[in-house]
Structure formats: structure tokens, C-alpha cells
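Quick notes on the structure that follows.
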Amino acid sequence: MKIFHEHSWEVSPQEARKIQLELKSRIDFVSRMNIEDIDTVAAADISYHKHDRYLYAAVALFSFSDLKFLSSHSLKMQSTFPYIPGYLSFREAPPIIEIFRKIDTRPDVLLCDGQGIAHPRHFGLASHLGLLLDIPTIGCAKSVLVGEYEEPPQERGAASPLIFKQKKVGEVLRTSSHVKPVFVSPGHKISFEDAHEIILRCSPRFRIPEPLRVAHKIVNEIRLNDISDDKFFK
DNA sequence: GCGACAG
DNA sequence: ATCTTGTCGC
């Protein structure tokens, strides 16, 4: 798969910030897709052991209508950037980009474990991946990075706007009744409405959308089974 | 300077 | 992110 807007990942936090500011203007906030036409939905996730130099990534593909697992691809790669709030994509996007670079599968939408435009510079992991892969993406984070919000009602499907600097940047969505909500924000080529609807449909039973749950399970299992994992040498 | 801070 | 045991509620 072709990668757009390629740039180096071997950068300093200052350079990363500059790249975010340059690329954010290219984010597309419009959904040109019709939810009823979505055939496949994919999810990407990363796993690593604290203080380990390797990152494990996985992309799981699902059918959107009945959420059936279709396939998955994974990869192991050395990290090139530390975890710094606001710069997560510079740590986690490289291995995910690598997986897509070598496969020809193009999901209709990609779910990401992190923020989309609900970011200090409106360019979170989902936005970064969406722009480089040219695929509609949705950020679905387990906790907030920026913005203020009111606690949404306890029923599944309830949501309240996530406001950052007087503007809506996402939604705090309750995917399961009486359970902590998730933070949903558009990444690229998708609207707030579609992001909300897709995340809800992908979470019929649990808090975390099924594709993301499975991707997390897969990548964690791969890391634990990797005999060359650095932890065995420490 | 102080507090916040995706994974 | 990961580690880690029991425990509470739908």
C-alpha cells in the first residue's frame, strides 16, 4: 500500500511538533463514505514491555456488518521515539505504517487506540495514520488527553461533547451501560456522527470496540510468546 | 512556576 | 504500555 506525506521518524520532539503543525492542515473532516456501504473495519494496536526496545504491532481486519474476524498481520520493530504525551504517533505509528506498507488490504475504516483531532495540535495518532495511509480513521482512547466534558448519561449510546479551546474535538461515548466511557474523535476523512456510529456498532457487548479488543489480544500474545523478547535477557 | 498528561 | 488478586455488579 502506498504511504503519503512520508517523513522521517528519526526526529526530535521539536521536529515532531513541526511535522504535526505542517500536516494537520491536510486533515479531511468530511465523511465521503456511507456507513451502510462499509464492508470492512480494521483496528491497529501496539504492545511492548516497559523499558524494552521493541514494539509489537498488529492490524486486525473484521467484517463491519457482523463483526467477524477476517485476518490479521503483525510485526516487531525497534522503537525510535519515547512515549511523550502529545507525540504518541511518533512512537506507535511506524510499525503500523510498516504493516500497511507490505499488505494490499485497504479497510474501509481504521480504528486507532488513541486520539484523533482531540489533541493539543489537532493531530493525534488516528489523524497521523489516516493521513499517511489515506484511509478514514477514528481515534478511540480509554482516557482523555485534552478537552473538557460533562459525564454522559449511564446508558449505552449516551454521549457528551469533548470541548477543547471552545471547539468540539470529539465525544465522550458510553459504549456499555454503567461502564466508563471511551473518548472518540475523528482522525481523518470522517465526521463526528460517523465516528460515533461506527464505534457504537463495533462495541455491541464490551466497552472497547471488538476489532480493537482483538488487535490488543493478538499483539499482546505475540509479544509474550516471543522468546527473543528483551525481558529474557534482563 | 504549577498541574495535566493518549499509550 | 505493563505488572498484579481479589472482588463487585450486570
Side-chain angles (χ1 to χ4, degrees), chain A residues 9 13 16-17 20 24 27 43-59 74-97 110-130 137-149 153-158 162-165 169-188 195 199 203-209 212-213 215-226 229-232 234:
Chain A
W9 295 104
R17 179 194 174 83
Q20 293 179 324
K24 72 171 184 181
I27 290 301
D45 195 28
I46 297 294
S47 176
Y48 59 89
H49 192 281
K50 193 165 58 174
H51 299 143
D52 190 337
R53 60 183 150 160
Y54 290 110
L55 296 183
Y56 296 77
V59 171
S74 53
L75 188 71
K76 175 183 181 182
M77 180 183 273
Q78 283 204 14
S79 67
T80 60
F81 202 91
Y83 168 66
I84 301 175
Y87 299 91
L88 178 65
S89 65
F90 284 85
R91 177 176 177 71
E92 303 200 349
I96 297 172
I97 293 288
L110 174 66
L111 309 187
C112 308
D113 190 7
Q115 315 290 343
I117 61 172
H119 177 278
R121 290 166 292 286
H122 310 292
F123 202 69
L125 174 65
S127 298
H128 206 153
L129 286 173
T137 55
I138 301 172
C140 181
K142 297 179 290 298
S143 62
V144 67
L145 175 59
V146 296
E148 305 176 328
Y149 62 93
Q154 293 298 313
E155 299 68 49
R156 168 184 141 80
L162 177 61
I163 307 297
F164 180 55
K165 292 184 175 177
V169 294
E171 284 183 357
V172 183
L173 176 62
R174 192 86 65 181
T175 50
S176 193
S177 296
H178 306 288
V179 170
K180 186 181 195 284
V182 292
F183 298 77
V184 180
S185 60
H188 182 49
I199 290 299
S203 319
R205 182 161 179 197
F206 303 110
R207 177 195 180 216
I208 304 301
L212 277 174
R213 286 185 69 232
H216 186 273
K217 193 176 179 183
I218 289 176
V219 75
N220 203 38
E221 192 163 295
I222 289 177
R223 176 178 64 81
L224 262 22
N225 287 328
D226 185 1
D229 191 303
D230 270 14
K231 68 177 181 298
F232 288 110
K234 294 178 179 173

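Just so you know, these numbers use all the heavy atoms, side chains as well, and skip hydrogens, waters and symmetry mates. Naming convention: chains lettered A, B, ... in sequence-line order (proteins, then strands); numbering from 1 in each chain.
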| What are the two closest heavy atoms between A:Leu55 and A:Tyr48, and how far apart are they? | CD2-CD2, 3.6 Å
| Can you check the A:Ile208 CD1 to C:dA1 C1' distance for me, whole Å? | 14 Å
| message | What is the separation between atom NZ on A:Lys50 and atom C1' on C:dC3, rounded to the nearest whole Å? | response | 7 Å
| request: Give the minimum heavy-atom separation between A:Ser203 and A:Ile208, together with the two atoms involved. | output: OG-C, 4.2 Å
| request: Respond yes when some side-chain nitrogen or oxygen of A:Ser143 is under 4.0 Å from OP1 or OP2 of B:dC5, and no when none is. | output: no
| Over how many whole Å does the gap from A:Arg207 atom CZ to C:dC10 atom C1' extend? | 17 Å
| Any donor-acceptor pair under 3.5 Å linking the side chain of A:Ser74 with the backbone of A:Ala58? | no
| task | State the dot-bracket string of DNA chain C. Criteria: Watson-Crick or G-U wobble, both atom distances under 3.5 angstrom; notation: ( ) intrastrand, [ ] crossing earlier pairs, | interstrand, . unpaired. | result | ..........
| For DNA chain B, what dot-bracket results from Watson-Crick or G-U pairs at under 3.5 Å, with [ ] for crossers and | for inter-strand partners? | .......
| query | Do A:His119 and A:Phe164 have ring centroids that are under 6.0 Å from one another? | reply | no
| query | According to a strict under-4.0 Å criterion, is A:Lys142 in side-chain N/O contact with OP1 or OP2 of C:dA1? | reply | yes
| For B:dG7, does OP1 or OP2 lie under 4.0 Å from any side-chain N or O of A:His49? | no
| message | Any side-chain N or O of A:Ser177 below 4.0 angstrom from OP1/OP2 of C:dC10? | response | no
| Separation of A:Leu129 atom CG from B:dG7 atom P, in whole Å? | 14 Å
| note | For A:Ala93 and A:Leu129, the nearest pair of non-hydrogen atoms, with its separation, is CB-CD2, 3.8 Å
| remark: Atom OH of A:Tyr54 and atom P of B:dG7 are separated, to the nearest Å, by 26 Å
| message | Whether the A:Arg156 and A:Ser176 side chains hold a donor-acceptor pair (N or O, under 3.5 Å, no angle test) is what I'd like checked. | response | no
| note | A:Arg156 atom CZ is separated from C:dC10 atom P, nearest whole Å, by 18 Å
| field | Within residues 78-87 of chain A, residues whose heavy atoms come under 4.0 Å of DNA chain B | value | A:Tyr83, A:Pro85, A:Gly86, A:Tyr87
| note | Contacts of A:His178 and A:Asn220 projected onto DNA chain C by closest heavy atom; the upstream (5') one is A:Asn220
| task | For residues A:Phe123 and A:Ile27, report the shortest heavy-atom separation together with the two atoms involved. | result | CE1-CD1, 3.8 Å
| Over all atoms of both residues, closest heavy-atom pair of A:Gly116 and A:Ser127 | C-OG, 3.2 Å
| Can you find a heavy atom in the side chain of A:Tyr56 that is under 4.5 Å from one in the side chain of A:Met77? | no
| remark: Tightest non-hydrogen contact, residues A:Asp113 and A:Leu125, listed as O-CD2, 3.9 Å
| field | Presence of A:His51 side-chain N/O under 4.0 Å of C:dA1 phosphate oxygens OP1/OP2 | value | no
| query | With side chains defined as the heavy atoms from C-beta onward, is the minimum distance between A:Val219 and A:Ile46 less than 4.5 Å? | reply | no
| field | Among C:dA1, C:dT2, B:dA6, the nucleotide that comes nearest once only the side chain of A:Arg223 is considered | value | C:dT2
| message | Just to be sure I understand the rule, does A:Glu92 reach a base, reach only the sugar-phosphate, or reach nothing, if contact means heavy atoms closer than 4.0 Å? | response | sugar-phosphate
| Spacing of A:Gln20 atom CD relative to B:dA6 atom P, expressed in whole Å | 14 Å
| task | Fit a plane to each ring of A:Tyr87 and A:Phe81, take the angle between them on a 0 to 90° scale, and name the class: parallel (under 30°), tilted (30 to 60°) or perpendicular (over 60°). | result | tilted
| remark: Which of B:dC5, B:dA6, C:dC3 is nearest the side chain of A:Val144? It is B:dC5
| The side chain of A:His216 lies closest to which of these nucleotides: B:dC5, C:dA1, B:dA6? | C:dA1
| task | Find the distance A:Tyr48:OH to C:dA1:P and express it as a whole number of Å. | result | 8 Å
| query | Under 3.5 Å, is there a donor-acceptor pair between the side chain of A:Arg174 and the main chain of A:Pro153? | reply | yes
